[in-house]
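When a ligand or atom number is given, it counts from 1 through the structure's own listing order.
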Amino acid sequence: IAGNWKMNLSHLQSIAFVQKLAWSLKDARHDYSVTEVAVFPPFTDLRSVQTLISADKIELGFGAQDLSAHASGAYTGEISAGFLKALDVQYVIIGHSERRQYHHESDELIAEKVAIAVENGLVPVICVGETAEDLELYGPSAVPVRQLHGALALAGDATNIVVAYEPVWAIGSGQAATPEQAEQVAEQLRSVVAGVLGDDAGDATRILYGGSVKSSNIAGFLRQPNVDGALVGGASLDISEFASIA
Ligand code: PEP
(Lines give C-alpha, C1' and ligand atoms only; values in the text may rest on other atoms or scores of the structure.)
Protein backbone atom coordinates (compact mmCIF):
# COMPACT_ATOMS: atom_id res chain seq x y z
CA ILE A 1 0.00 0.00 0.00
CA ALA A 2 1.75 3.11 -1.23
CA GLY A 3 0.83 6.68 -0.30
CA ASN A 4 1.74 9.37 -2.83
CA TRP A 5 1.65 12.65 -0.91
CA LYS A 6 2.27 14.71 -4.06
CA MET A 7 3.15 18.33 -3.15
CA ASN A 8 1.70 18.20 0.36
CA LEU A 9 3.21 18.26 3.88
CA SER A 10 6.39 20.16 4.77
CA HIS A 11 9.29 18.34 6.44
CA LEU A 12 7.98 19.36 9.88
CA GLN A 13 4.49 18.14 9.04
CA SER A 14 5.93 14.92 7.64
CA ILE A 15 7.50 14.04 11.00
CA ALA A 16 4.23 14.37 12.93
CA PHE A 17 2.37 12.57 10.13
CA VAL A 18 4.67 9.55 9.98
CA GLN A 19 4.70 9.25 13.78
CA LYS A 20 0.89 9.26 13.94
CA LEU A 21 0.60 6.87 11.01
CA ALA A 22 2.99 4.43 12.72
CA TRP A 23 0.95 4.66 15.94
CA SER A 24 -2.33 4.09 14.09
CA LEU A 25 -0.93 1.01 12.38
CA LYS A 26 0.50 -0.27 15.66
CA ASP A 27 -2.87 0.23 17.42
CA ALA A 28 -4.50 -1.78 14.64
CA ARG A 29 -1.80 -4.48 15.08
CA HIS A 30 -0.75 -4.03 11.48
CA ASP A 31 1.46 -6.86 10.24
CA TYR A 32 4.04 -5.32 7.91
CA SER A 33 5.23 -8.77 6.84
CA VAL A 34 1.79 -9.35 5.30
CA THR A 35 1.13 -5.88 3.90
CA GLU A 36 3.99 -3.55 3.17
CA VAL A 37 3.17 0.14 3.62
CA ALA A 38 5.25 2.92 2.08
CA VAL A 39 4.95 6.69 1.91
CA PHE A 40 6.16 8.92 -0.92
CA PRO A 41 6.83 12.39 0.49
CA PRO A 42 8.23 15.43 -1.36
CA PHE A 43 12.04 15.53 -1.75
CA THR A 44 12.47 18.09 1.05
CA ASP A 45 10.87 15.69 3.57
CA LEU A 46 12.96 12.62 2.78
CA ARG A 47 15.81 13.26 5.21
CA SER A 48 13.36 13.89 8.07
CA VAL A 49 11.34 10.79 7.24
CA GLN A 50 14.51 8.68 6.96
CA THR A 51 15.83 9.90 10.32
CA LEU A 52 12.54 9.26 12.11
CA ILE A 53 11.97 5.81 10.57
CA SER A 54 15.50 4.74 11.42
CA ALA A 55 15.60 6.22 14.96
CA ASP A 56 12.17 4.83 15.96
CA LYS A 57 12.64 1.55 14.04
CA ILE A 58 9.38 2.10 12.18
CA GLU A 59 8.66 -0.59 9.60
CA LEU A 60 7.24 1.82 7.03
CA GLY A 61 8.96 1.99 3.67
CA PHE A 62 9.50 5.24 1.85
CA GLY A 63 10.16 6.48 -1.62
CA ALA A 64 10.57 9.57 -3.77
CA GLN A 65 8.05 10.89 -6.29
CA ASP A 66 10.51 11.34 -9.16
CA LEU A 67 14.24 11.41 -9.97
CA SER A 68 16.60 12.74 -12.62
CA ALA A 69 17.51 10.66 -15.67
CA HIS A 70 21.09 11.96 -15.23
CA ALA A 71 23.69 10.73 -12.77
CA SER A 72 25.10 14.18 -11.88
CA GLY A 73 26.11 17.49 -13.40
CA ALA A 74 24.61 20.69 -14.74
CA TYR A 75 20.91 19.87 -14.33
CA THR A 76 19.57 22.66 -12.16
CA GLY A 77 16.79 21.60 -9.85
CA GLU A 78 17.14 17.87 -10.42
CA ILE A 79 17.69 15.09 -7.85
CA SER A 80 19.87 12.09 -8.69
CA ALA A 81 19.29 8.41 -8.00
CA GLY A 82 22.56 8.44 -6.02
CA PHE A 83 21.27 11.18 -3.70
CA LEU A 84 18.12 9.15 -3.05
CA LYS A 85 20.05 5.96 -2.41
CA ALA A 86 22.24 7.81 0.10
CA LEU A 87 19.06 8.63 2.05
CA ASP A 88 18.05 4.94 2.21
CA VAL A 89 15.19 5.60 -0.21
CA GLN A 90 13.88 2.25 -1.46
CA TYR A 91 11.31 3.23 -4.06
CA VAL A 92 10.83 5.92 -6.67
CA ILE A 93 7.63 6.73 -8.55
CA ILE A 94 8.39 7.16 -12.24
CA GLY A 95 6.07 8.37 -14.99
CA HIS A 96 3.18 9.53 -12.82
CA SER A 97 0.46 10.98 -15.07
CA GLU A 98 0.97 14.41 -13.46
CA ARG A 99 4.61 14.35 -14.61
CA ARG A 100 3.60 13.13 -18.06
CA GLN A 101 0.98 15.87 -18.30
CA TYR A 102 2.56 18.93 -16.62
CA HIS A 103 6.21 18.18 -17.38
CA HIS A 104 5.69 16.54 -20.76
CA GLU A 105 7.65 13.43 -19.76
CA SER A 106 7.97 11.11 -22.75
CA ASP A 107 8.14 7.32 -22.78
CA GLU A 108 11.84 7.69 -23.70
CA LEU A 109 12.64 9.88 -20.69
CA ILE A 110 10.68 7.54 -18.43
CA ALA A 111 12.71 4.59 -19.77
CA GLU A 112 15.93 6.46 -18.89
CA LYS A 113 14.65 7.19 -15.39
CA VAL A 114 13.67 3.54 -14.87
CA ALA A 115 17.12 2.44 -16.04
CA ILE A 116 19.02 4.80 -13.71
CA ALA A 117 16.78 3.86 -10.78
CA VAL A 118 17.46 0.16 -11.33
CA GLU A 119 21.22 0.75 -11.79
CA ASN A 120 21.28 2.49 -8.42
CA GLY A 121 19.33 -0.19 -6.57
CA LEU A 122 16.09 1.77 -6.30
CA VAL A 123 12.79 0.01 -7.03
CA PRO A 124 10.90 1.95 -9.69
CA VAL A 125 7.14 2.27 -9.24
CA ILE A 126 6.27 2.68 -12.91
CA CYS A 127 2.97 4.46 -13.46
CA VAL A 128 0.91 3.84 -16.57
CA GLY A 129 -2.68 4.65 -17.44
CA GLU A 130 -5.04 5.88 -20.11
CA THR A 131 -6.91 9.18 -20.23
CA ALA A 132 -10.68 9.30 -20.70
CA GLU A 133 -10.05 10.13 -24.36
CA ASP A 134 -7.66 7.16 -24.77
CA LEU A 135 -10.29 4.94 -23.18
CA GLU A 136 -12.87 6.01 -25.71
CA LEU A 137 -10.49 5.75 -28.68
CA TYR A 138 -8.44 2.65 -27.87
CA GLY A 139 -10.13 0.85 -24.96
CA PRO A 140 -8.58 0.39 -21.52
CA SER A 141 -5.39 -1.60 -22.15
CA ALA A 142 -3.70 -0.30 -25.30
CA VAL A 143 -2.16 2.86 -23.84
CA PRO A 144 -1.00 1.38 -20.51
CA VAL A 145 0.53 -1.58 -22.35
CA ARG A 146 2.35 0.74 -24.77
CA GLN A 147 3.57 2.92 -21.91
CA LEU A 148 4.89 -0.08 -19.99
CA HIS A 149 6.76 -1.40 -23.02
CA GLY A 150 8.28 2.08 -23.35
CA ALA A 151 9.21 2.31 -19.68
CA LEU A 152 10.96 -1.08 -19.74
CA ALA A 153 12.87 -0.41 -22.97
CA LEU A 154 16.19 0.10 -21.13
CA ALA A 155 15.43 -1.93 -18.03
CA GLY A 156 17.77 -4.76 -19.04
CA ASP A 157 17.54 -7.57 -16.56
CA ALA A 158 15.71 -5.69 -13.80
CA THR A 159 14.16 -8.13 -11.37
CA ASN A 160 12.52 -5.83 -8.85
CA ILE A 161 10.00 -3.38 -10.22
CA VAL A 162 6.51 -2.30 -9.24
CA VAL A 163 3.89 -1.31 -11.80
CA ALA A 164 1.01 1.01 -10.95
CA TYR A 165 -2.00 0.99 -13.23
CA GLU A 166 -3.58 4.40 -12.78
CA PRO A 167 -6.33 5.35 -15.22
CA VAL A 168 -5.93 9.13 -15.51
CA TRP A 169 -9.72 9.62 -15.45
CA ALA A 170 -9.85 7.92 -12.04
CA ILE A 171 -7.10 9.97 -10.35
CA GLY A 172 -8.49 12.49 -7.89
CA SER A 173 -11.93 12.23 -9.49
CA GLY A 174 -13.70 10.15 -6.86
CA GLN A 175 -14.63 7.83 -9.74
CA ALA A 176 -12.49 4.71 -9.31
CA ALA A 177 -12.28 2.02 -11.97
CA THR A 178 -14.21 -1.13 -11.17
CA PRO A 179 -12.16 -4.02 -9.75
CA GLU A 180 -12.89 -5.94 -12.94
CA GLN A 181 -11.56 -3.10 -15.13
CA ALA A 182 -8.41 -2.92 -12.99
CA GLU A 183 -7.93 -6.68 -13.21
CA GLN A 184 -8.33 -6.73 -16.98
CA VAL A 185 -5.52 -4.22 -17.46
CA ALA A 186 -3.34 -5.59 -14.62
CA GLU A 187 -3.38 -9.02 -16.24
CA GLN A 188 -2.11 -7.55 -19.51
CA LEU A 189 0.55 -5.51 -17.72
CA ARG A 190 1.80 -8.66 -16.00
CA SER A 191 2.12 -10.31 -19.42
CA VAL A 192 4.20 -7.35 -20.62
CA VAL A 193 6.56 -7.70 -17.65
CA ALA A 194 6.85 -11.46 -18.25
CA GLY A 195 7.48 -10.89 -21.97
CA VAL A 196 10.18 -8.26 -21.45
CA LEU A 197 11.84 -9.33 -18.18
CA GLY A 198 10.98 -13.03 -18.05
CA ASP A 199 8.37 -15.21 -16.38
CA ASP A 200 9.95 -15.00 -12.92
CA ALA A 201 9.81 -11.21 -13.00
CA GLY A 202 6.24 -11.42 -14.31
CA ASP A 203 5.22 -13.54 -11.32
CA ALA A 204 7.19 -11.52 -8.76
CA THR A 205 6.21 -8.03 -9.89
CA ARG A 206 3.66 -6.26 -7.72
CA ILE A 207 0.97 -4.55 -9.73
CA LEU A 208 -0.86 -1.76 -7.95
CA TYR A 209 -4.12 -0.11 -8.86
CA GLY A 210 -4.38 3.66 -8.34
CA GLY A 211 -7.20 6.12 -8.81
CA SER A 212 -9.64 7.21 -6.08
CA VAL A 213 -8.81 4.29 -3.78
CA LYS A 214 -10.48 4.54 -0.36
CA SER A 215 -11.01 2.22 2.59
CA SER A 216 -14.51 1.53 1.25
CA ASN A 217 -13.34 0.23 -2.15
CA ILE A 218 -9.87 -1.27 -1.52
CA ALA A 219 -11.11 -4.80 -0.78
CA GLY A 220 -12.68 -5.21 -4.22
CA PHE A 221 -9.37 -4.40 -5.91
CA LEU A 222 -7.28 -6.67 -3.73
CA ARG A 223 -9.61 -9.58 -4.39
CA GLN A 224 -8.44 -9.54 -8.01
CA PRO A 225 -5.72 -12.07 -8.80
CA ASN A 226 -3.44 -9.63 -10.63
CA VAL A 227 -3.86 -6.62 -8.33
CA ASP A 228 -1.36 -6.80 -5.47
CA GLY A 229 -1.79 -3.42 -3.84
CA ALA A 230 -2.73 0.20 -4.33
CA LEU A 231 -1.11 3.54 -5.02
CA VAL A 232 -3.16 6.02 -3.03
CA GLY A 233 -3.13 9.79 -3.56
CA GLY A 234 -5.73 11.93 -1.78
CA ALA A 235 -6.67 9.31 0.82
CA SER A 236 -3.01 8.85 1.81
CA LEU A 237 -3.09 12.32 3.43
CA ASP A 238 -5.74 11.23 5.93
CA ILE A 239 -3.99 9.15 8.57
CA SER A 240 -6.94 7.08 9.76
CA GLU A 241 -8.21 6.52 6.21
CA PHE A 242 -4.77 5.47 4.95
CA ALA A 243 -4.24 3.19 7.95
CA SER A 244 -7.67 1.66 7.30
CA ILE A 245 -6.75 1.00 3.67
CA ALA A 246 -3.53 -0.72 4.83
C1 PEP B 1 -2.37 9.24 -7.66
O2 PEP B 1 -2.23 10.41 -8.00
O3 PEP B 1 -1.42 8.45 -7.76
C4 PEP B 1 -3.67 8.81 -7.14
C5 PEP B 1 -3.97 7.56 -7.21
O6 PEP B 1 -4.50 9.79 -6.64
P7 PEP B 1 -5.96 9.59 -5.97
O8 PEP B 1 -5.88 8.44 -5.03
O9 PEP B 1 -6.20 10.89 -5.24
O10 PEP B 1 -6.93 9.35 -7.07
Side-chain angles (χ1 to χ4, degrees), residues 1-9 13-14 17 21 35-43 45-46 49 60-67 89-105 110 113-114 117 122-135 140 143-144 147-148 151 161-179 181-186 189 205-222 224 226-246:
I1 298 296
N4 174 13
W5 295 0
K6 311 194 183 191
M7 199 170 70
N8 294 289
L9 305 179
Q13 291 170 318
S14 78
F17 187 99
L21 176 61
T35 305
E36 188 180 352
V37 184
V39 293
F40 291 75
F43 287 128
D45 299 6
L46 289 172
V49 169
L60 280 171
F62 64 104
Q65 298 174 15
D66 183 34
L67 86 175
V89 167
Q90 298 153 269
Y91 295 104
V92 58
I93 294 174
I94 298 179
H96 191 279
S97 62
E98 287 153 15
R99 300 236 28 116
R100 292 181 193 260
Q101 184 183 348
Y102 303 132
H103 300 271
H104 311 292
E105 292 200 4
I110 289 163
K113 290 186 174 191
V114 169
L122 299 164
V123 179
V125 179
I126 302 168
C127 298
V128 297
E130 80 287 358
T131 62
E133 197 187 353
D134 294 333
L135 181 64
V143 168
Q147 289 174 334
L148 187 56
I161 64 164
V162 175
V163 176
Y165 168 52
E166 299 207 302
V168 180
W169 48 269
I171 294 180
S173 67
Q175 177 66 57
T178 65
Q181 283 173 316
E183 168 61 18
Q184 188 193 338
V185 180
L189 296 175
T205 294
R206 288 170 291 176
I207 299 186
L208 314 182
Y209 165 76
S212 298
V213 168
K214 301 178 279 216
S215 59
S216 57
N217 63 18
I218 182 70
F221 292 110
L222 293 190
Q224 303 302 318
N226 284 290
V227 179
D228 305 303
L231 180 53
V232 184
S236 77
L237 297 169
D238 177 328
I239 293 168
S240 67
E241 177 66 4
F242 188 59
S244 295
I245 292 170

Using the side-chain contact (heavy atoms from CB on, under 4.5 Å) rule, take Arg99 and Ile93 through it: C-alpha gap first, then chi angles, then the decisive distance, then the call.
CA-CA 10 Å; Arg99 300 236 28 116; Ile93 294 174; over 6 Å; no
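- Using a 4.0 Å cutoff on heavy atoms, Ala235 does not count as a contact of ligand 1.
- Taking 4.5 Å as the limit, every side-chain heavy atom of Gln90 sits out of range of all side-chain heavy atoms of Val123.
- For ligand 1, the atoms closer than 4.0 angstrom to any heavy atom of Gly172 are 7 (P), 9 (O), 10 (O).
- Below 30°, between 30° and 60°, or above 60°: for Tyr209 and Phe221 the angle between ring planes is below 30°, a parallel geometry.
- Closest approach of Pro167 and Gly210 over heavy atoms only: CD-O, 3.3 Å.
- The closest approach between Ala170 and ligand 1 falls below 4.0 Å for a heavy atom of the residue.
- Here is the list of ligand 1 atoms found below 4.0 Å of a heavy atom in Gly211: 5 (C), 10 (O).
- Here is the list of ligand 1 atoms found below 4.0 Å of a heavy atom in Ser212: 7 (P), 8 (O), 10 (O).
- With respect to atom 6 (O) of ligand 1, the closest heavy atom belonging to the protein is Gly233 CA, 3.4 Å.
- Counted by atom type alone, Trp169 and Glu133 present zero donor-acceptor pairs between their side chains at under 3.5 Å.
- Here's the thing with Leu231: none of its N/O atoms is less than 3.5 angstrom from an N/O atom of ligand 1.
- Closest protein heavy atom to atom 5 (C) of ligand 1: Glu166 OE2, 3.0 Å.
- The shortest contact between atom 2 (O) of ligand 1 and any protein heavy atom is with Lys6 NZ, 2.5 Å.
- Of the inter-residue distances, the one linking Ile1 atom CD1 with Leu231 atom CG reads 9.5 Å to the nearest 0.5 angstrom.
- Polar contact with ligand 1: absent for Val232 (N/O pair, distance under 3.5 Å).
- Looking at Ile171 against ligand 1, both its backbone and its side chain come within 4.0 Å, counting heavy atoms.
- When hydrogens are left out, the protein atom nearest atom 1 (C) of ligand 1 is His96 NE2, 3.3 Å; that is the closest non-hydrogen contact.
- Of the protein's non-hydrogen atoms, Gly234 N, 2.8 Å is the one closest to atom 9 (O) of ligand 1.
- With values rounded to the nearest 0.5 angstrom, Arg100 atom CZ is found 11.5 Å from Thr131 atom OG1.
- Here the straight-line distance linking atom NE2 of His96 with atom NE2 of His103 works out to 11.5 Å at 0.5 Å rounding.
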Please step through side-chain contact (heavy atoms from CB on, under 4.5 Å) for the pair Leu148 and Tyr165, ending with a clear verdict.
CA-CA 10 Å; Leu148 187 56; Tyr165 168 52; over 6 Å; no
